[in-house]
There are 2 protein chains.
Amino acid sequence: MKPEAYPPTNAPLLEHLNDVIGTLRASERKVAQLVADNPTFVMNATMAGVAEAAGVSEPTVMRFCTSLGFAGFQQFKISLAQTLALGIPATLSTIGRDDAIEVLITKVFDHTMSSLDRARRFLDPAAVDRAVNAIIASTSLTFAGLGASALIGLDAEQKAALFGVPCSAPSDPHQQFMAASTARPTDVIIAISNTGRTKSVVQVAKTARTNGATVIGMSGEDSPLLAHCDIPLVVKTIEDTDIHTPTVSRLAGLVVIDILATAVALRRGKDHMDKLTAMKEGLLRFRRDD
Amino acid sequence: MKPEAYPPTNAPLLEHLNDVIGTLRASERKVAQLVADNPTFVMNATMAGVAEAAGVSEPTVMRFCTSLGFAGFQQFKISLAQTLALGIPATLSTIGRDDAIEVLITKVFDHTMSSLDRARRFLDPAAVDRAVNAIIASTSLTFAGLGASALIGLDAEQKAALFGVPCSAPSDPHQQFMAASTARPTDVIIAISNTGRTKSVVQVAKTARTNGATVIGMSGEDSPLLAHCDIPLVVKTIEDTDIHTPTVSRLAGLVVIDILATAVALRRGKDHMDKLTAMKEGLLRFRRDD
DNA sequence: CGGCGTACCTAGTAAAACTACATCAATCCG
DNA sequence: CGGATTGATGTAGTTTTACTAGGTACGCCG
């Protein structure tokens, strides 16, 4: 039993197809093959069209749909359309050397969007809620991460106005450790590492915690880092098995920061929001002159 | 004539609906209302069902579909399903103060994904292709941007290995200007500004260009910045009219950087890719010890 | 070699989508 | 103010589509 219980929307159909293709009958497999090879055609085609293209009869197409658990061909088509809206899953369409630039653009965007979709499904709302409460109760925020994770911290630093407390994102591991060492119970430390195994970041989390600070951890999976955090946030993305596929974890991390910042700002109430609006307008005027 | 010629997939249907709802006939408007209020129902319903629920006749539903430019009800339903897969567009579902955390998470993710989808539609592949060629022909890359746009540059800097040339992303406007002033014809400057009106960034682009360097511009819309660039890249996102909606432009910018980096790396050939693989493996070992 | 069961197709049916036409209402001009 | 004309909407009919029931061929085991 996989740990994949996608609550909001339907399961990634094309992936599922690959899993069950072995259990299907011979003719149904022809249909499955057609769907995998040419999903766009199937989406727009009629049952008869699919039957002919796959070289089978209409009832076989029908059985194929019911075998997958759909009520009928229509439902299947709707579901397929939904899957295709996010693009063909990147796991199926790896990036090749001779891809045209249009194809590359599509694939990278699709991969990113599919990954974000997955991140959403796996993100635990209860943990996010606890993180928001912790931030609201805090007097300062410190972000710790290296490489791409450092970038997430820098982004959060720019959102300090939304958070409503001083934010710092030291880039140097030593500085991060120093901040953790001098942390006070009202401080919140957000430790970020996609692998969750970057030693210095784990060390920062441990140290901050012994000082009584609240530690929020962000990681791509259950990991040593999260074990040493008060509030673990799992930001799961589609794994980059291939060098060709770009790192998407930082994007999901940025979105989570967006969520935290937005939630915190909203809970701080109307006064806070008014100040933000004023700030945004001021920034617009400022921008014209610099 | 609007500048909406979405090449790859269908238009953001529900948004489009709001635009044209005024031009529809009275009964058709009832259908539009139903679609807006209860899109999920319409997606799964039959024509007769929709007609009854909207309190109109079937041909009216049909006319509604054709008025929107669809061949028929089926096509409309497919298109609606696609739109719904990305979630209800954030422009329709603004974030409210009393939203539960689950709702907030969904909305922010949806908003982000919808925006990325839009960015993809508007991105010009030919311009990307030219940018890739320019980078391959260059001896160094410099990124210039402020605020969130600076972050995009920093991310690109981390991808220097993929680009295969020295990358720098000075954070200070003065440093950026200095880099532009001393730029040589073989250098590529990437000027980033979502508004495309940040004066210092525009100045950097101008200066670099007079020195004969190739200037790539990234902006959310056609703007003064792009006018002063050799290669304009429009990275369009859903506009943030509301303070509640987080800035998504930086995410789209990051994805575009991903695309550029990936394309460049692929074109550099096998040797380059092998080096990258070796680097990645080395980084994994390095990470365990730090 | 013969019966049984599965896999698949042929043919038929019900229902859905789509079309042609008629009616009603509103508007504009005499 | 009344009649005509245009255009919006519903009624009824036609075609296409999805779905179902039954039958045939093929493989497998006794």
**Request:** Measure from the side-chain heavy atoms of B/P59 and tell me the nearest of D/dA18, D/dC19, D/dA12.
**Result:**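 Among the listed nucleotides, the one closest to the side chain of B/P59 is D/dA12.
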Over how many whole Å does the gap from [X] atom [atom1] to [N] atom [atom2] extend?
X     : N      : atom1 : atom2 : value
B/F64 : D/dA8  : CZ    : P     : 16 Å
B/R25 : D/dT6  : CZ    : C1'   : 12 Å
B/K30 : D/dA8  : NZ    : C1'   : 12 Å
A/Q75 : D/dA18 : CD    : P     : 14 Å
B/R63 : D/dG10 : CZ    : P     : 8 Å
B/I78 : D/dA18 : CD1   : P     : 10 Å
B/K77 : D/dT17 : NZ    : C1'   : 12 Å
A/M62 : D/dC19 : CE    : P     : 4 Å

**Message:** Within the 4.0 Å heavy-atom criterion, would you say A/Q74 contacts the bases, only the backbone, or no part of the nucleic acid?
**Reply:**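 Sugar-phosphate contact only - A/Q74 comes under 4.0 Å of backbone atoms but never of a base.
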**Asked** Checking all strands, does A/S57 fall into the base, sugar-phosphate, or nothing category for heavy-atom contacts under 4.0 angstrom?
**Response**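 Since a base atom lies under 4.0 Å of A/S57, the category is base.
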**Asked** Got a salt bridge between B/R120 and B/D117, using NZ or NE/NH1/NH2 to carboxylate O under 4.0 Å?
**Response**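 Looking at B/D117 together with B/R120, the answer is yes, because their closest N to O distance falls below 4.0 Å.
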**Asked** Salt-bridged, B/K236 to B/D124, with N to O below 4.0 Å?
**Response**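 So B/K236 does not pair with B/D124 through a salt bridge.
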**Message:** For chain A and DNA chain C, what are the first and last nucleotides along the strand, 5' to 3', with at least one atom under 4.0 angstrom from a heavy atom of the protein chain?
**Reply:**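 Contact span on the strand: C/dA7 to C/dT10.
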**Prompt:** Out of B/L233, B/I152, B/I192, which residue meets the side chain to side chain contact (heavy atoms under 4.5 Å, CB included) rule with B/V256?
**Reply:**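 The option that passes is B/L233.
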**Request:** Indicate yes or no: at least one non-hydrogen side-chain atom of A/L162 is less than 4.5 angstrom from one of A/V264.
**Result:**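 No, their side chains stay 4.5 Å or more apart.
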**Message:** Counting C-beta onward and ignoring hydrogens, is there a side-chain heavy-atom pair between A/V35 and A/F76 closer than 4.5 Å?
**Reply:**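 A/V35 reaches A/F76 side chain to side chain.
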**Item:** Trace of the salt bridge (charged side-chain N to carboxylate O under 4.0 Å, His left out) decision for B/D155 with B/R250
**Value:** CA-CA 11 Å; B/D155 180 66; B/R250 68 209 151 85; over 6 Å; no
**Message:** Using the rule given for ring-ring contact (aromatic ring centres under 6.0 Å, His included), can you reason through A/F64 versus A/F73, listing the C-alpha separation, both sets of side-chain angles and the distance that settles it, and then say yes or no?
**Reply:** CA-CA 9 Å; A/F64 164 78; A/F73 183 66; 9.1 Å; no
**Message:** Just N and O in the side chain of B/T60: are any of them under 4.0 Å from OP1 or OP2 of D/dG10?
**Reply:**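 Answer is yes, contact under 4.0 Å.
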